[in-house]
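Report on the following structure.
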Amino acid sequence: MPTEGVSEYDPTLGNKFVFVTGGVMSGLGKGITAASTGRLLANAGFDVTAVKIDPYLNVDAGTMNPYQHGEVYVLKDGGEVDLDLGNYERFLDVDMTFDHNVTTGKVYKEVIENERAGDYLGKTVQIIPHVTDDIKRRIREAAEGHDVCIVEVGGTVGDIEGMPYLEALRQFSHEQDEEDLLFVHVTLVPYSKNGEQKTKPTQHSVKELRSIGLQPDVLVGRSDERLDPETKRKIALFCDVPDEAVFSNPDVEDIYHVPLVVEEEGLDTYVMERLGLAEDAIPAAERDNEWRELVTRDRDGEVDVALVGKYALEDAYISIHEALKHAGLERGVDVNVLWVDADEMSPDHERNLERACGVVVPGGFGARGTEGKVDAIRYARENDVPFLGLCLGFQMAVVEYARNVLGYEGAHSAEMEPETPHPVIDILPEQYEVEDMGGTMRLGAHETEIEPGTLAHELYGADSCTERHRHRYEVNPRYLQAFEDAGLVFSGTAGNRMEILELPEHPYFLGTQFHPEFRSRPGRASPPFVGFLDAVLEHDGTTSDGGEGEGEEVTA
Ligand code: GLN
């Protein structure tokens, strides 16, 4: 996929910014729309990056409950960020840094620290200009060196928290050439009872934007179906944009098809024209087509795998879902994820576990659901069902082995059971003194040495791998010998930290202290996930088309 060297665009001309705001309601998928547009600009040869603005007061997403905000995504530099950054990394195939997630917490913290340091020389510190200046600085710094920077403002126009950001964007239009900026507004176009597409919510949302001095250049209408020509014309008229600046973004079955829809609508072409990039773009017929080929490739059947977690919400495990999907794209099958609630093993959930041809146990914090995870791991280990354990899933595999193979009664992680007689998982020594919860775990990319001749070595095809981490506890080295004597192999290590475990006698039993899901991309699936899927396909014998249809499917 194109990165540096392909683009003929001269970055010294200045960065181009695409500002994306949302109207009517949140959760419209404006991040996916923005990321898809970015993918197409990258296919046309431009170096594209993104900034996600989260107007909440949290400094980062690290302390947030996944039930409220979905998964906490981890960047290579250890930034704990909004899951939208994961979408940008996957769609654009870039690695971003913590600076690409701007939050109100970060901005205010900086401004207040500057004030305490006396940097404002006695002035009254105000939202305009001090807060807005800091917002603009952050956006410009993140964009530096790239051709195009997509800046997505989280939330909905009209939210109190979002105001300083919209004001900062307004100031951009006075400080930068018109040709360098494009304002895209994504709204909902609902249907009336008689099936008519309604534009009034869009009109109101644009009115709100204009009242704060922002006139959108492009409108994207999210709806079940494509917008009717009449609907587009009406939106153009009432929102004061040309007819050709209104685009449809209908529902699609797979988010990876959104770039295809955006391309058919011609949004990418329009964006390039408006930003003065069209002449430097790679001609349409010569553009990178890898994405389209990958996501429209024929699939040969479907396999069921169980995800044993505690948040019955797909967004809480989005990168795992995506990584399984990437492995599926690579092997030409659809991966169907069956939800198993580790905290409440109802008969439906037990049936899902038994129906699945593989078991994934994800990361997590706190005791809730851990016993269910240990039971699911035991089931996979004893029945030769392929197993992939990620972070807490890895730790619980160690606990399960200690209890059921080594016979260490009451073995546990010190996180769940501080008084356990066998703390096989214990707090990292460097964490003893840590008091703050935010940003203090072992975070981000760290290297793992891989033992030749192991499954992990075969998967990665290398003596080491660099994957992203997010944990406070790890395998207690005091028990290492006992585990190894009992047949558990730690095939990946970093000093005396255990990073990968495997069971040689099992068809596929692999756990990682790190989170390989964060580096998985369409077209570049994560090795532990591909290995897992291969084992699942083998376990399944033939690929089925989704089981025998008995029993209620429980999905997250
Ligand atoms: N709670 C565990 C720890 O802190 C696992 C973390 C995780 O799964 N991300 O080490």
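Both ligands and their constituent atoms are indexed starting at 1 by order of listing.
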Inset, instruction - Compute the centroid of each ring, for Y508 and then for H539, and state whether the two points are separated by less than 6.0 Å. - result: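 Ring centres of H539 and Y508 not closer than 6.0 Å.
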Inset, instruction - Taking salt bridge (Lys or Arg N to Asp or Glu O under 4.0 Å) as the test, write out the residues that go with K76, two or more places apart. - result: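 Residues passing salt bridge (Lys or Arg N to Asp or Glu O under 4.0 Å) with K76: none at all.
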Legend entry - Every residue of the protein that comes under 4.0 Å of ligand 1, judged on heavy atoms: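 The 4.0 Å shell around ligand 1 contains G363, G364, F365, C391, L392, Q395, E415, R470, H471, R472, Y473, H515.
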Inset, instruction - May I have all residue pairs that pass salt bridge (charged side-chain N to carboxylate O under 4.0 Å, His left out) and include part of residues 494-517, sequence neighbours excluded? - result: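 Every salt bridge (charged side-chain N to carboxylate O under 4.0 Å, His left out) pair that includes a residue of residues 494-517, provided the two are not neighbours, is E430-R497, R442-E499, E474-R497.
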Legend entry - Pair R472 + E415: basic N to acidic O under 4.0 Å: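 Not counted as a salt bridge, because no side-chain N and carboxylate O are separated by less than 4.0 Å.
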Inset, instruction - Decide if atom CD of E350 counts as having more than 12 heavy atoms of other residues, nucleotides or ligands within a radius under 6.0 Å. - result: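 It does: E350 CD has more than 12 such atoms within range.
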Check: residues 364-374 side-chain donor-acceptor pairs under 3.5 Å, at least two apart:
from	atom 1	to	atom 2	distance (Å)
R368	NH1	D343	OD2	3.1
R368	NH2	K310	O	3.3
T370	OG1	A367	O	2.7
E371	OE1	R403	NH1	2.8
E371	OE2	R403	NH2	3.2
E371	OE2	H412	NE2	3.4

